[in-house]
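See below for the structure under consideration.
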Amino acid sequence: MTGDDAIEPAAAEAPWRLQLRAALGDLPAVRRRSLRSLAPAAGAGAGLQPAPPEGAADHRTGEPGPPPPFPLLDLASNDYLGLSRDPAVLAAAAAELAVSGLGAGASRLVSGTRPVHLELEQALATWLGRERVLLFPSGFQANLAAVCALADRHSLVLADRLIHHSLLAGVRASGARLKRFAHNDPADLERLLLSERRARPEGRLLVLCESLYSMEGSTPPLAALAALCGRQRVPLLVDEAHALGVLGPGGRGLAHGLAEVAIVSGTLGKAFGSGGAFLAGDGLVGDWLLQSSGAFRYTTALAPPLAAGALASLERIQADPGAAAALLKRSDRWRDALAAAGWPRPPGEGPILSVRLGDDATALAAQDRLEAAGLLALAIRPPTVPEGTSRLRLVLRAGLPSGTLEKLLEALGPGPRLSRPLAEPGL
Ligand SMILES: Cc1ncc(COP(=O)(O)O)c(C=O)c1O
C-alpha cells in the first residue's frame with residue numbers, strides 16, 4: 001500500500017449541514033448578528049467597555065472591526081431603575097447565596113421550592129392585588145406557560161400585531177389558530193372578536209397584548225381592551241415585562257386594578273434588575289397553572305439568589321415611587337427634545353424611546369454615530385421589527401449622568417424634518 005492509498009477522500013458534508021450553510025449564506029451583512037462582550041467599566045458607573053470577540057464581523061463590511069477605545073454609556077439595557085447594582089438588592093442576593101447556594105437543584109414540585117420563592121410570590125401577589133403568583137425561570141417561559149394554560153388546538157388567539165416572540169412561541173406550542181389585530185387598536189380587536197363569535201359562538205378565544213411594547217415604546221388603551229374582553233367574556237393576557245416597576249400606580253403596571261385581565265405576565269429581569277419572571281392571576285388560574293403547566297413543572301426553580309434580589313427590588317420600588325416618576329418625566333423631556341431637533345417624536349410614555357429611521361443601513365449608521373460619541377444604543381432591524389421600520393432604540397435609566405441628552409442630540413445631528421430643504425422645488 002502506498003502513502004497515497006491511505007489518504008481518504010474528504011467526507012462530503014451532511015445535507016442538513018449544507019442546508020444550514022446555505023441559509024446562513026443567504027443572510028445579508030446588515031442582517032447578521034454577532035455577540036458582543038460588554039464588560040462593566042471600572043469606576044465608570046453606567047459605562048460598558050466593548051470588546052468584540054475574536055473574529056466578530058463589522059456589520060457594514062463583514063470584516064473584523066476594532067472596538068471603540070472608551071467605555072460606552074449604556075442606553076440599551078432594560079435595567080430601568082438601576083436596581084441590578086443597588087447595594088440593598090446585591091446584599092439580599094448575597095445573603096441568600098450564602099444560605100441556599102447558587103441553584104435550587106430541582107424543579108419547584110420536586111425539592112426546589114425555598115422559603116424565598118414563596119415569600120416573593122406572596123409579596124408580588126399582594127403588591128399587584130392578584131390572588132396567586134407563580135415564579136418562572138424566565139419571561140419567555142412564563143409567556144409560553146400562560147398561553148398554553150388558556151389556549152389549545154381548538155382555540156383562536158387574537159394578538160396585537162406587534163406582540164413579543166415568546167407569546168407567539170406560546171401560540172405555536174398551544175396549537176391554537178392565530179389572528180392579529182392592528183397595533184393598540186380596540187376597534188380592530190372588536191371587529192375580529194365579533195366576527196369569530198358569529199362564526200363559532202362556542203369557540204374558545206384568548207386575547208394577547210403587552211402594556212409597553214419593547215421595540216415601539218408605545219402603550220395600548222388597556223382599560224378599553226380589558227372592557228371589551230370582559231363584555232365578550234374572553235380571557236385577556238397582558239405581558240407587563242417592560243411596564244412593571246415603571247408604569248401604573250406605584251409601578252404596578254397598567255393592568256393594575258383591571259379585573260378582566262386573566263393573567264399578568266411580568267419579568268424580573270428588567271426594572272427589577274434580577275432574573276426570572278412570574279405569572280399573576282386569580283386563585284383558579286393560579287391553581288390551573290400549578291396543576292397543568294409543563295413549563296412550570298419541568299424546569300429547575302428560579303435560582304434563590306435571584307428571587308431574593310427581586311424581593312429586595314420590590315421593596316425598593318415600593319419605598320421609592322418617586323424614582324419611576326422622575327424617569328417618566330425625563331423620558332418625556334427627551335421625547336420633546338428629539339422632536340424639536342427634527343426627529344420623529346418617539347411614541348408612548350415610558351422609558352423606551354424608539355426613533356423610526358426606515359432602512360437597516362440608516363439605523364446602523366445612527367448606531368455607529370452614537371457609538372463614536374460614547375453612547376450605546378441599538379439599531380433594531382427586521383425580523384425583530386417589520387420590514388422598512390428599522391429604528392434606533394434608546395432606553396433611559398435612573399442615574400444617567402446629566403448632559404446625556406445633549407451628547408445624544410449632538411451625535412445624532414438634526415433630524416430629517418430639519419435637515420430636509422424647507423421648500424422643495426416644485427412644491
Ligand atoms: C415583552 C417581553 N416579554 C417577555 C420577555 C422575556 O422575558 P425574559 O427576558 O425574562 O425571558 C421579554 C424580553 O425580552 C419582552 O421584551
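Both counts, for ligands and for their atoms, begin at 1 and track the order of listing. All values derive from a computational prediction rather than experimental measurement.
Ring centroid separation for the pair Y213 and H242 does not come in under the 6.0 Å cut-off.
Scanning for side-chain hydrogen bond (donor to acceptor under 3.5 Å, both in side chains) contacts around N143 gives S166, D239, S265, with sequence neighbours left out.
The salt bridge (charged side-chain N to carboxylate O under 4.0 Å, His left out) contacts involving residues 273-302 comprise nothing, where partners must be two or more places apart or lie in separate chains. Screening residues 260-269 for salt bridge (charged side-chain N to carboxylate O under 4.0 Å, His left out) gives no qualifying pairs among residues at least two apart or on separate chains.
Ring geometry for F140 against H165 counts as tilted: the plane angle lies between 30° and 60°, on a 0 to 90° scale.
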Identify all pairs of nitrogen or oxygen atoms, one from ligand 1 and one from the protein, separated by less than 3.5 Å, and list them with distances.
| from | atom 1 | to | atom 2 | distance (Å) |
| --- | --- | --- | --- | --- |
| ligand 1 | 3 (N) | D239 | OD2 | 2.6 |
| ligand 1 | 10 (O) | G139 | N | 2.7 |
| ligand 1 | 10 (O) | T267 | OG1 | 2.7 |
| ligand 1 | 11 (O) | G139 | N | 3.0 |
| ligand 1 | 11 (O) | F140 | N | 3.0 |
| ligand 1 | 14 (O) | H164 | NE2 | 3.4 |
| ligand 1 | 14 (O) | K270 | NZ | 3.2 |
| ligand 1 | 16 (O) | H242 | NE2 | 2.7 |

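No donor-acceptor contact under 3.5 angstrom links the side chains of D359 and S390, judged on distance only.
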